[in-house]
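Below is one structure; the comments refer to it alone.
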Protein chains: 2
Amino acid sequence: MAPKQKGNVDIVAVAKAAKVSPSTVSRTFNHPDLVSPATRKKINRAVQKLGYVRNRAAQMMHGKRSGTIGLVVPTINHAIFAEVIQAFSDAIDQAGFTLLLASHGYDLDREYEMVRKLMEHRVDGVALIGLEHSAATSRLIAQQETPAMAIWNYAEESELPCVGADNRLAGRMAAEHLLELGHRDIGLIFPDTRGNDRAQYRLTSALEALRKKGVFVPEHRMSEAPYSVAQAKQAAIRLFSEDARPTALLCGNDVIAQGALYGAQKCGLRVPEDVSIIGIGDFKGSADIEPGLTTIRIPAETIGSLAGQRFTGYITSDMREQFRLCCGLERVVRGTTSPAA
Amino acid sequence: MAPKQKGNVDIVAVAKAAKVSPSTVSRTFNHPDLVSPATRKKINRAVQKLGYVRNRAAQMMHGKRSGTIGLVVPTINHAIFAEVIQAFSDAIDQAGFTLLLASHGYDLDREYEMVRKLMEHRVDGVALIGLEHSAATSRLIAQQETPAMAIWNYAEESELPCVGADNRLAGRMAAEHLLELGHRDIGLIFPDTRGNDRAQYRLTSALEALRKKGVFVPEHRMSEAPYSVAQAKQAAIRLFSEDARPTALLCGNDVIAQGALYGAQKCGLRVPEDVSIIGIGDFKGSADIEPGLTTIRIPAETIGSLAGQRFTGYITSDMREQFRLCCGLERVVRGTTSPAA
DNA sequence: AAGAATTATGAAAACGTTTGCAATACTATT
DNA sequence: AATAGTATTGCAAACGTTTTCATAATTCTT
């Protein structure tokens with residue numbers, strides 16, 4: 001059945017089989033209305049028979065778009081980015097694009113390498129996570145005139161078009177929730193903020209909101225944990241084993257909060273009676289933990305979809321107007337916070 | 001600073017700037033040893049100055065590899081696939097390849113579309129999750145002679161080269177652990193097995209292992225839940241609210257098991273005293289839940305890395321020998337299982 | 001110091017498409 | 001029936017590279 005071509009079936013093989021010129025075959029794909037129905041049928045039959053698959057690389061050489069969009073993330077293996085990637089992928093797929101994915105492990109120099117790599121493949125656009133990038137990356141993007149956008153973070157003053165949430169606000173909202181409940185002795189667990197503007201923004205704004213209400217967080221109440229339930233659990237246990245433990249924990253993201261919750265359970269503490277815990281993100285699963293995690297919801301899926309739609313729109317339209325979208329946050333109060341004793 | 005070329009900087013622009021021929025520029029990249037150090041320096045300076053970025057699509061037209069590998073997964077937003085994707089991506093990146101990623105949402109027809117789409121981009125190879133694919137997909141792969149491989153599942157009789165674990169064994173091991181602990185009344189929660197050979201294999205082999213020991217699972221002890229903590233939690237609650245509840249739950253994967261655990265906690269059941277729960281997978285986080293989840297560990301990261309290494313090796317070597325790798329499983333006994341009362 | 005061997009470079013063809021232009025074959029108008 | 005117009009098709013150049021072959025510039029032999 002399979003007609004096992006020896007060489008590669010290209011457009012001229014199809015043309016030969018259909019007894020027309022290569023130009024006509026090309027036109028059948030790109031401007032079907034310029035080809036008579038009869039010829040089209042002949043050609044389609046030949047395409048079918050030979051199993052021809054279009055070669056986008058060759059098309060690209062004529063100024064056509066490559067039909068690919070690059071996405072560079074810190075890591076794929078991360079509840080929240082996985083969700084964004086999925087939504088973004090679906091959205092651009094909808095518009096006929098294919099995703100080129102690369103990760104850099106929170107290393108901005110590697111981010112540059114990845115962007116470069118993607119540009120060698122002539123992606124039609126490159127999307128990055130966050131607003132903080134190396135000067136080299138920005139220069140490269142500007143120089144190549146490749147459309148670029150930032151996902152996940154929103155900032156009015158952003159250079160790049162962006163779709164995301166206001167992480168400063170997120171930090172503030174989390175802090176304010178705890179303050180409203182009367183907490184004054186608050187512990188913080190955050191990831192390393194270097195090269196991670198999301199965490200950076202959340203942390204400084206949370207601290208600032210607390211300070212504004214006269215709450216100062218001493219050094220020993222602050223702990224650093226990477227994105228890992230296990231390590232957050234350890235960090236929480238350390239915080240809880242101090243002589244006087246904090247009455248509430250503000251965590252940089254939901255994974256950390258989840259770890260903190262397990263840490264509390266491990267220490268025999270009741271949540272929220274003995275200690276309140278709040279996260280940021282509202283990851284899939286945060287709602288289902290027992291007790292349900294109180295958190296500041298960042299709509300990852302919405303962000304990913306919206307980013308994909310806007311970006312493909314931006315790329316395909318000829319008059320490119322910048323866009324900056326801020327997706328709303330939501331305080332989701334579940335079972336891990338309660339008024340301070 | 002940025003020399004703002006009006007047109008695109010291509011190899012001939014560089015050649016002009018360095019006052020050499022395009023051929024020499026090309027050679028500087030592909031066969032540096034054939035170019036005198038002095039000329040090379042001149043050229044590199046020009047490249048630097050103009051901000052030239054190689055065009056892989058154009059290279060590809062000369063039979064060169066595209067330097068991309070396609071990966072088609074059911075979904076990205078899934079702890080276990082995210083882990084595999086990350087490891088696979090890192091491994092192929094190491095070998096100089098870039099990842100083209102597509103997802104199909106457990107729809108084998110869409111899988112075909114995605115594979116086709118990737119082939120239009122002339123990926124150097126395409127990796128699929130699982131061994132079950134539509135006839136159209138297999139035909140397409142054979143016809144295009146694109147290297148292909150299967151990830152995640154291992155089977156001796158697999159057509160495609162594969163790197164994965166024996167899911168039948170995983171199901172059996174889970175069942176046997178429960179049997180060894182003396183459980184006879186066992187509930188099952190599994191995802192829909194259509195178009196999902198992993199789940200299919202696990203389920204049938206678990207059932208078979210149970211039957212071999214004279215344990216039959218009645219219809220009302222079997223529940224279906226998609227890949228979602230929330231829905232698994234609901235399914236578990238349904239199972240637990242029967243008149244006589246099972247003494248143990250065997251879950252198709254760790255996410256389901258996690259949901260089941262929360263469900264038990266919600267119902268006021270103590271785990272493992274009142275009910276034992278075992279999962280399959282050992283996802284990140286499974287170790288840290290309280291109590292730690294007993295599970296059959298599938299080494300996702302190892303599978304992803306190994307798959308990436310082997311596949312790139314396979315693609316770049318000229319004498320391509322098939323490979324089939326079976327990654328070992330491990331029973332990880334933590335806190336959610338105990339002997340039957 | 002002349003010829004041979006080696007090294008470095010350039011010219012041009014090739015890769016698989018798209019597209020502007022020209023040519024041909026129709027159809028409609030008078 | 002001749003003309004003008006339109007619909008369809010083909011020819012050939014172009015896209016940005018790589019590579020073969022040929023040529024020019026060195027270096028080595030003797």
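Sequence neighbours left out, not one pair with a member in residues 8-21 of chain B passes salt bridge (Lys or Arg N to Asp or Glu O under 4.0 Å). For residues 88-102 of chain B, the salt bridge (Lys or Arg N to Asp or Glu O under 4.0 Å) pairs, not counting sequence neighbours, are A:R110-B:D93, A:K117-B:D93. Pairs of residues two or more places apart, or lying in two chains, never qualify as ring-ring contact (aromatic ring centres under 6.0 Å, His included) while including a residue from residues 84-107 of chain B. The side chain to side chain donor-acceptor pair (under 3.5 Å) contacts involving residues 300-311 of chain B comprise nothing, where partners must be two or more places apart or lie in separate chains. Contacts classified as ring-ring contact (aromatic ring centres under 6.0 Å, His included) and involving residues 10-65 of chain A (residues at least two apart or in different chains) are given here: A:F29-A:Y52. The salt bridge (Lys or Arg N to Asp or Glu O under 4.0 Å) analysis of residues 26-48 of chain A, with sequence neighbours excluded, yields no pairs.
Here the P atom of nucleotide C:dC15 and the CG atom of A:D10 are 9 Å apart, to the nearest Å. The distance from atom NZ of B:K16 to atom P of D:dT17 is 13 Å, rounded to the nearest whole Å. Taking atom CZ of residue A:F29 and atom P of nucleotide C:dT19, one finds them 14 Å apart after rounding to whole Å. Atom CD1 in B:I43 sits roughly 13 Å away from atom P in D:dT17 (whole-Å rounding).
The phosphate of D:dT19 (OP1 or OP2) has a side-chain N or O of B:H31 nearer than 4.0 angstrom.
To the nearest 0.5 angstrom, A:L50 atom CG is 12.5 Å from A:I11 atom CD1. How far CE of B:M149 is from OH of B:Y314: 10.0 Å, rounded to the nearest 0.5 Å. Here the CD-CD1 distance, from B:Q86 to A:I76, works out to 4.5 Å after rounding to the nearest 0.5 Å.
If one axis is set at each end of the helix from C:dA1-D:dT30 to C:dT30-D:dA1 from five pairs, those axes are 40° apart, to 10°.
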Could you pull out every donor-acceptor pair under 3.5 Å between side chains of residues 155-162 of chain B and any protein atom, sequence neighbours left out?
from, atom 1, to, atom 2, distance (Å)
B:S158, OG, B:L160, N, 3.3
B:S158, OG, B:L160, O, 2.4

Protein-nucleotides 4-6 of chain C N/O pairs closer than 3.5 Å?
none

Filtered N/O pairs between nucleotides 6-10 of chain D and protein, under 3.5 Å:
from, atom 1, to, atom 2, distance (Å)
D:dT9, OP1, A:S36, OG, 3.4
D:dT9, OP1, A:T39, OG1, 2.3
D:dT9, OP2, A:S36, N, 3.1
D:dT9, OP2, A:T39, OG1, 3.1
D:dG10, OP2, A:S21, N, 2.7
D:dG10, OP2, A:S21, OG, 3.1
D:dG10, OP2, A:T24, OG1, 2.7
D:dG10, N7, A:R27, NH2, 2.8
D:dG10, O6, A:R27, NH1, 3.3

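At least one donor-acceptor pair closer than 3.5 Å links the side chain of A:S134 to the backbone N or O of A:T137. In this structure a side-chain-to-backbone donor-acceptor pair under 3.5 Å is missing from B:D124 to B:I69.
Under the rule for a side chain to side chain contact (heavy atoms under 4.5 Å, CB included), the partners of A:N55 that lie at least two apart in sequence or sit in another chain are A:A57, A:A58, B:M60, B:R122.
The stretch residues 53-66 of chain B comes close to DNA chain C through B:M61, B:H62, each having a heavy atom under 4.0 Å from the strand.
Residue A:Y52 is classed as a sugar-phosphate contact, given heavy-atom separations below 4.0 Å to backbone atoms only.
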